[in-house]
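Written below as structure tokens is the structure these notes are about.
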Amino acid sequence: MDPNQNDEYLDADENEDDLLDERNIVRVIDLPDEGIIDSDEQDMEMGGEEEEGAEGGDQTPVEDMAAVVFRAHTEKPHPAEEPPEVYAVHVDPTHSGRVVTGGRDDAAYVWNITTGQVIFECTGHKNSVSCVGFSHDGLYVASADLDGLIRVWHCEKKELAWSFDCGSDIMWLQWHHSAHVLLVGTSDGDMWMWKIPGGECKTFQSHGTQSLCGKVLPDGKTACVGYADGVVKLWDLKENKAQFTWRHFTPAAVSGGREEDEDEEEEKAAILSIDCSPDNSLVISGCADATAKIFNSVSGMLVSSWNCAVNRDQDNAVEAVGFSPVAAYAATGTNSGAVEVWDLPKSSVRHTLQHPIVSFIES
């Protein structure tokens with residue numbers, strides 16, 4: 001572990017109890033120190049019963065127990081070969097009763113999470129809406145589609161405040177956490193940043209590959225971006241330059257130069273997820289090659305490299321990563337359904353949770 005890191009943040013055992021408020025505890029569940037939490041035990045904990053007749057014994061039928069079902073994305077006419085799908089969802093950080101969703105129906109909706117009623121529709125898109133998000137204060141909501149069109153709406157006035165066409169697919173979208181500043185990454189690899197609603201713009205140029213994920217750091221001055229070739233960059237938002245460039249994935253030598261081998265290497269390289277620690281000192285990236293790596297955002301040094309391939313015979317691409325907001329833990333989630341909780345000081349797995357394969361029962 002790099003000596004420049006914040007000792008208070010890394011000392012989980014000493015600070016964890018101080019950071020917990022007993023008034024916020026709903027229920028305490030004892031977890032084992034090591035190993036996989038048995039899914040049957042979790043079913044008993046939650047009062048569930050094992051369903052019989054699941055195919056091969058690997059699927060557990062799950063009843064849809066949702067309090068509200070929002071169906072607006074399914075109501076527009078659509079080809080049979082293109083069933084309606086929801087691609088993005090975000091809850092207003094200042095108004096928990098308001099949510100925005102975007103989908104394959106070329107639409108985004110702001111709706112009431114309690115009643116399921118549409119508040120207003122974010123119109124004007126001609127392709128699937130892949131990214132949505134509220135600003136930090138809930139004043140604006142943004143929607144972006146696969147054609148590169150971004151539209152920002154004033155939530156109270158329910159009217160369009162700003163619009164821009166990037167000309168390439170939008171891969172990710174994020175608002176600044178304390179300003180009306182919007183950032184997006186595109187399929188041509190560029191990161192764009194605008195002040196809303198004025199539209200003042202900065203472009204952070206690509207090195208020739210897709211920008212797949214991004215995150216503004218807590219200091220508000222830098223952003224980390226993950227690319228399709230396994231590169232992670234830490235950008236200075238004011239100076240418009242990369243402070244650090246890290247290579248998460250290093251391509252192996254491809255014997256014979258076969259095109260299919262090169263394509264496989266490219267698929268493994270993609271940075272699929274990214275996050276930063278609350279104290280601004282660490283960046284974690286998740287890769288399609290089943291690894292997660294932690295970098296020090298102050299010194300630029302590699303801190304840890306983790307193998308997340310819990311289920312060896314499955315796709316273990318690391319699609320989700322995140323730091324605990326109160327303790328020295330990080331979590332990784334893979335396509336195989338495994339979630340691992342990592343102890344940062346020890347750089348070791350503290351808990352592994354395996355999501356069962358499920359089939360849903362219509363209620």
Side-chain angles (χ1 to χ4, degrees), residues 1-6 9-10 12 171-172 174 185 189 191 207 209-219 222-236 242-253 264-312 314-325 327-336 338-352:
M1 187 66 68
D2 193 279
N4 292 326
Q5 292 180 8
N6 189 315
Y9 178 75
L10 293 178
M171 309 304 292
W172 59 271
Q174 191 195 13
M191 180 174 72
H207 58 278
T209 187
Q210 294 182 335
S211 170
L212 297 181
C213 52
K215 180 89 173 187
V216 178
L217 269 66
D219 64 3
T222 51
C224 49
V225 180
Y227 296 88
D229 62 352
V231 166
V232 178
K233 289 187 178 182
L234 183 68
W235 288 97
D236 185 315
Q243 290 185 350
F244 297 110
T245 298
W246 300 299
R247 180 164 290 282
H248 182 129
F249 179 87
T250 303
E264 184 179 352
E265 287 292 309
E266 290 179 1
E267 292 177 1
K268 289 181 180 179
I271 303 299
L272 304 176
S273 50
I274 205 160
D275 195 22
C276 45
S277 62
D279 66 354
N280 212 79
S281 68
L282 301 174
V283 170
I284 183 173
S285 56
C287 186
D289 70 345
T291 65
K293 292 188 178 181
I294 292 184
F295 304 94
N296 188 301
S297 61
V298 179
S299 68
M301 299 296 292
L302 173 65
V303 176
S304 298
S305 181
W306 301 334
N307 184 349
C308 304
V310 175
N311 302 302
R312 304 291 179 179
Q314 299 182 35
D315 178 9
N316 288 284
V318 183
E319 289 276 0
V321 295
F323 285 102
S324 166
Y329 302 130
T332 59
T334 70
N335 279 347
S336 67
V339 175
E340 291 182 298
V341 179
W342 297 80
D343 186 307
L344 288 175
K346 298 178 181 178
S347 194
S348 61
V349 177
R350 188 177 181 91
H351 302 294
T352 300

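Please read these numbers as outputs of a predicted model, since none were measured by experiment.
- Side-chain contact between Val231 and Thr209: absent, with no pair of heavy atoms (C-beta onward) separated by less than 4.5 Å.
- Atoms OH and CE, on Tyr227 and Met191 in that order, are 6.5 Å from each other to the nearest 0.5 Å.
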TODO: Mind running side chain to side chain contact (heavy atoms under 4.5 Å, CB included) on Thr334 and Val310 for me, showing each step along the way?
DONE: CA-CA 9 Å; Thr334 70; Val310 175; 5.9 Å; no
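- Note: Leu344 CG to Ile294 CD1 = 5.0 Å, rounded to the nearest 0.5 Å.
- No donor-acceptor pair closer than 3.5 Å links the side chain of Asp315 to the backbone N or O of Asn335.
- Annotation: side chain of Cys287 is not in contact with side chain of Val318 (no heavy-atom distance under 4.5 Å).
- The two residues Glu340 and Val349 come nearest to each other via the heavy atoms OE2-CG2, 3.6 Å.
- Taking both residues in full, the closest heavy atoms of Leu212 and Ala270 are given as CD1-CB, 3.6 Å, listed atom of the first, atom of the second, then distance.
- A donor-acceptor contact shorter than 3.5 Å is absent between the side chain of Ser324 and the backbone of Tyr329.
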- [ ] Could you walk me through whether Val225 and Trp235 pass side chain to side chain contact (heavy atoms under 4.5 Å, CB included), step by step?
- [x] CA-CA 8 Å; Val225 180; Trp235 288 97; 3.7 Å; yes
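- Closest non-hydrogen pair, Ser285 versus Phe295, comes out as OG-CE1, 3.7 Å.
- Between Glu319 and Ser273 the shortest side-chain heavy-atom distance does not fall below 4.5 Å.
- Using a 4.5 Å heavy-atom threshold, the side chains of His207 and Asp229 count as touching.
- With rounding to the nearest 0.5 angstrom, the CH2 atom of Trp342 is 14.0 Å from the CZ atom of Arg350.
- Thr291 contributes atom OG1, which lies 7.0 Å from atom CD1 of Ile271 (distance to the nearest 0.5 angstrom).
- Separating the CG atom in Asn296 from the CE atom in Met301 is a distance of 8.5 Å, to the nearest 0.5 Å.
- Residues Pro218 and Pro278 form no side-chain contact, since every pair of their non-hydrogen atoms from C-beta on lies 4.5 Å or further apart.
- By the 6.0 Å and 45° rule, Lys268 does not stack over the aromatic ring of Phe249.
- Put simply, the side chain of Ser297 reaches to within 4.5 Å of the side chain of Leu217, judged on heavy atoms.
- Between the SG atom of Cys213 and the CD atom of Gln174 there is a distance of 11.0 Å, given to the nearest 0.5 Å.
- Residues Thr222 and Phe244 fail the side-chain proximity criterion, which asks for heavy atoms closer than 4.5 Å.
- Side-chain contact check for Asp343 and Ser348: no donor-acceptor pair (N or O, by modelled atom type) lies under 3.5 Å.
- Between the Lys215 side chain and the Ile274 main chain, no donor and acceptor come within less than 3.5 Å of each other.
- Taking each heavy atom of Trp306 and Ser347 in turn, the nearest pair found is NE1-OG, 2.8 Å.
- Annotation: side chain of Asn316 is not in contact with side chain of Cys308 (no heavy-atom distance under 4.5 Å).
- Shortest non-hydrogen contact noted between Ser211 and Met171 is O-CB, 3.1 Å.
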